[in-house]
Each structure stands twice: as structure tokens, then as C-alpha cells.
2 protein chains.
Amino acid sequence: MSDLLERLRGRGWRMTAQRRVVAEVLDGDHVHLTADEVHARAAARLPEISRATVYNTLGELVSLGEVIEVATDGRAKRYDPNAHRPHQHLVCSGCGTVRDVHPHGDPLADLPDAERFGFTVSQAEVTYRGLCPACA
Amino acid sequence: MSDLLERLRGRGWRMTAQRRVVAEVLDGDHVHLTADEVHARAAARLPEISRATVYNTLGELVSLGEVIEVATDGRAKRYDPNAHRPHQHLVCSGCGTVRDVHPHGDPLADLPDAERFGFTVSQAEVTYRGLCPACA
DNA sequence: TCCTACGATAGACAGAGTCCAAGTCAAGAA
DNA sequence: TTCTTGACTTGGACTCTGTCTATCGTAGGA
């Protein structure tokens with residue numbers, strides 16, 4: 001995680017307690033927190049941190065490419081710090097749990113030109129849905 | 001579309017003017033309207049229809065499997081009446097336009113057992129992103 | 001140590017969707 | 001045809017997620 005903080009400082013980020021705490025909350029594998037969850041965990045360490053700051057910081061991390069924004073349902077977006085290894089998501093329809101998964105094959109290659117309608121297609125996101133062991 | 005109305009009646013749906021209008025608005029290919037757009041178009045034919053009724057009716061159509069709910073971004077869900085032929089979606093990052101597409105291959109088959117973490121995986125949704133000819 | 005521009009804050013605001021109590025009406029029964 | 005009833009509709013309040021703005025605070029350079 002200090003890696004991330006170092007990279008951010010290298011990019012000219014002013015380092016504040018709030019930004020540090022948000023970055024620390026997002027540390028780890030298989031982390032897919034909503035903005036509200038990030039705020040709750042950040043506030044446990046730094047009680048006066050505001051929602052607006054959490055949203056601002058998450059937005060900056062996303063635009064710097066350090067965090068991925070995932071919309072697994074129509075509800076709140078989730079934030080995934082595993083931005084440096086391509087992957088897809090497996091979502092439990094019961095409890096909403098999200099796991100990173102690595103399918104083989106390239107979904108982009110499966111879309112024939114005739115099905116692109118003149119679009120410049122740059123990305124394919126796959127969301128697998130099912131029930132996790134606890135919900136099955 | 002009268003097909004749909006017949007199927008719904010066959011399932012014990014009470015046929016009201018509101019439900020008929022919502023079903024009619026969703027007729028056609030490559031239709032991906034938000035709830036608000038459905039409401040606006042329905043209200044053009046039946047001015048007093050309420051938002052709650054549109055949401056209720058869309059929810060029922062989805063749970064009957066006659067309409068698919070698509071969350072292409074973190075904003076409003078879209079409703080796709082093309083529920084009886086499997087397909088994926090191609091979304092323009094510029095203007096938000098959505099097209100139905102039919103890639104070959106089965107994304108479900110690309111997810112090895114070792115990457116399923118004990119989940120019962122039943123569905124794979126692919127969202128292709130890029131720029132449409134008008135936005136490129 | 002002092003300055004100042006960048007960052008944080010609280011709270012108002014907006015969009016999407018849900019919920020509820022009260023009124024309405026489709027469709028089967030008489 | 002008329003009656004009855006429970007399913008359907010309505011409007012408005014409410015929740016949740018996210019954005020914006022004016023003001024205050026402070027990290028880091030001079």
C-alpha cells in the first residue's frame with residue numbers, strides 16, 4: 001500500500017490524513033467496497049472525514065487508474081483497488097459479494113466486425129452471476 | 001406486441017390501460033429505455049399515468065422474464081424487451097447509446113472451475129464499450 | 001515562520017428508485 | 001346488467017447515492 005502512496009506522491013498528490021486513510025482502506029485483495037463502506041471504515045480511523053472527501057478521493061484514484069469503478073447492480077458503485085491486473089467479476093445474486101476472476105479467452109475477440117455497427121470497441125466487461133456457497 | 005399482451009393475460013395479469021401502454025412503449029428492436037423515458041412516452045398516450053405504476057409494471061415484466069433490466073452505467077437502469085434471444089450489449093461511452101450484439105462463443109465456458117470459488121454460476125453478462133460512429 | 005493554493009468540510013441539492021395510505025376499477029359472480 | 005372485491009393506480013413522502021458550493025483549514029514551498 002505504501003507503494004500506492006508513493007506513486008501518488010510521485011504524481012504530485014498533496015498527502016493528507018484523509019487521502020492516506022482512504023488509500024489504506026482500499027488495500028488488499030478482493031476488496032470491492034461501496035463509497036459508503038469506504039466512508040464508514042475511513043471514519044473509524046479518522047472520525048471527522050466527510051463524505052464529499054471520500055467521493056473526491058475515490059474519483060481521483062479512479063481517474064489516476066489506481067482504482068476501478070465497478071457497477072455490479074443498479075445500486076451503489078463499488079471500488080476495486082486491483083487495477084493493475086486485468087480481471088472480471090463474479091457476483092452473488094443473493095448477498096452481493098463480489099470476487100475477482102480470471103477467465104481465459106478474450107471476449108473482445110468474440111465480437112465479429114459485423115456486430116460492431118461501426119463502433120470503435122475498446123473494452124469488454126464480463127459480469128458472472130450466480131450463488132455463492134453461503135447463499136446456494 | 002399483442003403476443004406479449006396475450007401471454008400476460010394468460011398468466012393472470014389484470015389488463016389495465018396503464019399496463020397496456022407500458023407494454024406498447026417497450027415494443028420494438030434495440031429499445032433500451034430508462035424508467036423515466038418509459039414514463040415520458042407512456043404519459044404522451046395516457047397523461048395521468050404515475051411514475052410508481054411505471055416502476056411497478058417494469059418490475060413485474062422483469063420478474064416474468066419478459067423484459068431484461070440492464071445497468072450499463074451507474075446511472076438509471078435500462079429496460080430491454082428483447083428477452084427471448086440471448087444477446088449482449090454494446091454501449092457508447094460518449095452518448096450512452098446501447099445496441100444489442102451477438103458475439104460468438106460462450107463466456108460462461110471461459111470461466112474455469114478453479115475460478116468459480118464454489119459459486120453456482122448461472123449467467124455471464126458482457127458489456128462492450130467504445131465509441132459509436134457519431135461520437136468517434 | 002509565513003503564505004497561499006490546494007484540499008476538506010457541512011450542508012444543500014439532484015436523480016433514481018421505493019413505499020404507503022387512500023382511491024379506483026377490471027373482471028368474475030349473481 | 002349490476003354488484004363486489006381484491007388487485008391496481010395514484011401522489012407524495014421518503015431513502016439512497018452522488019454532486020456541488022461556499023467557507024475553512026493546512027501541506028509544503030519560500
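Residue numbers start from 1 in every chain, and the chains themselves are labelled A, B, ... in the order their sequence lines are given, proteins ahead of strands.
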- Task: Give the rounded distance in Å between these two atoms: NE2 of A:His39 and C1' of D:dG18.
- Result: 13 Å
- Note on the structure: Considering only heavy side-chain atoms of A:Met15, the closest of D:dT17, C:dA10, D:dG28 is D:dG28
- Only one of B:Thr127, B:Asp100, B:Thr72 passes side chain to side chain donor-acceptor pair (under 3.5 Å) with B:His89; say which it is. B:Asp100
- Query: Rounded to whole angstrom units, what separation is found between the CZ atom of A:Arg11 and the P atom of C:dG7?
  - Reply: 15 Å
- Item | 5' precedence on DNA chain D between A:Arg78 and B:Val54 (nearest-nucleotide basis) | B:Val54
- Say whether, by atom type as modelled, one donor and one acceptor occur between the side chain of A:Arg9 and the main chain of A:Met15 under 3.5 angstrom. no
- Sorted by position of nearest nucleotide on DNA chain C, 5' first, the leading residue of B:Arg9 and B:Tyr79 is B:Tyr79
- Closer to the 5' end of DNA chain C via nearest nucleotide, is it B:Thr34 or B:Trp13? B:Thr34
- Quick one: A:Asn56 CG to C:dA8 P, roughly how many Å, whole number? 7 Å
- Query: Can you tell me how far P of D:dG25 sits from CD1 of A:Ile49, to the nearest Å?
  - Reply: 17 Å
- Heavy-atom neighbours of B:Arg41 CZ exceed 12 at 6.0 Å: no
- Message: Please report the distance, rounded to the nearest Å, between CG in B:Leu46 and C1' in D:dT9.
- Response: 11 Å
- Query: Between atom CG in B:Leu33 and atom P in C:dG17, what is the gap in whole Å?
  - Reply: 13 Å
- Would you indicate what B:Thr16 reaches in the nucleic acid, counting non-hydrogen atoms under 4.0 angstrom: base, sugar-phosphate, or nothing? sugar-phosphate
- Message: If I take atom CG in residue B:Asp73 and atom C1' in nucleotide C:dG15, what distance separates them, rounded to the nearest angstrom?
- Response: 12 Å
- Looking for any heavy atom pair under 4.0 Å, which part of the strands does B:Arg51 touch: base, sugar-phosphate only, or nothing? base
- Might you confirm whether atom CZ of A:Arg116 has over 12 heavy atoms from other residues, nucleotides or ligands at distances under 6.0 Å? yes
- Taking only N and O in the side chain of B:Tyr55, is any of them less than 4.0 Å away from OP1 or OP2 of C:dG17? yes
- Message: Just to be sure I understand the rule, does A:Ala76 reach a base, reach only the sugar-phosphate, or reach nothing, if contact means heavy atoms closer than 4.0 Å?
- Response: sugar-phosphate
- Message: Any donor-acceptor pair, under 3.5 Å, between the side chain of B:Arg14 and the base of D:dA7, if you only look at N and O atoms?
- Response: yes
- Query: Are B:Gln18 and C:dC25 close enough that a side-chain N or O sits under 4.0 Å from OP1 or OP2?
  - Reply: no
- Message: Output the rounded distance in Å from CG (B:Leu8) to P (D:dC8).
- Response: 12 Å
- Message: Please determine whether a side-chain nitrogen or oxygen atom of A:Arg19 lies at a distance below 4.0 Å from atom OP1 or OP2 of C:dG7.
- Response: yes
- Message: Surrounding CZ of A:Arg11 (heavy atoms of other residues, nucleotides or ligands, distance under 6.0 Å), is the total greater than 12?
- Response: yes
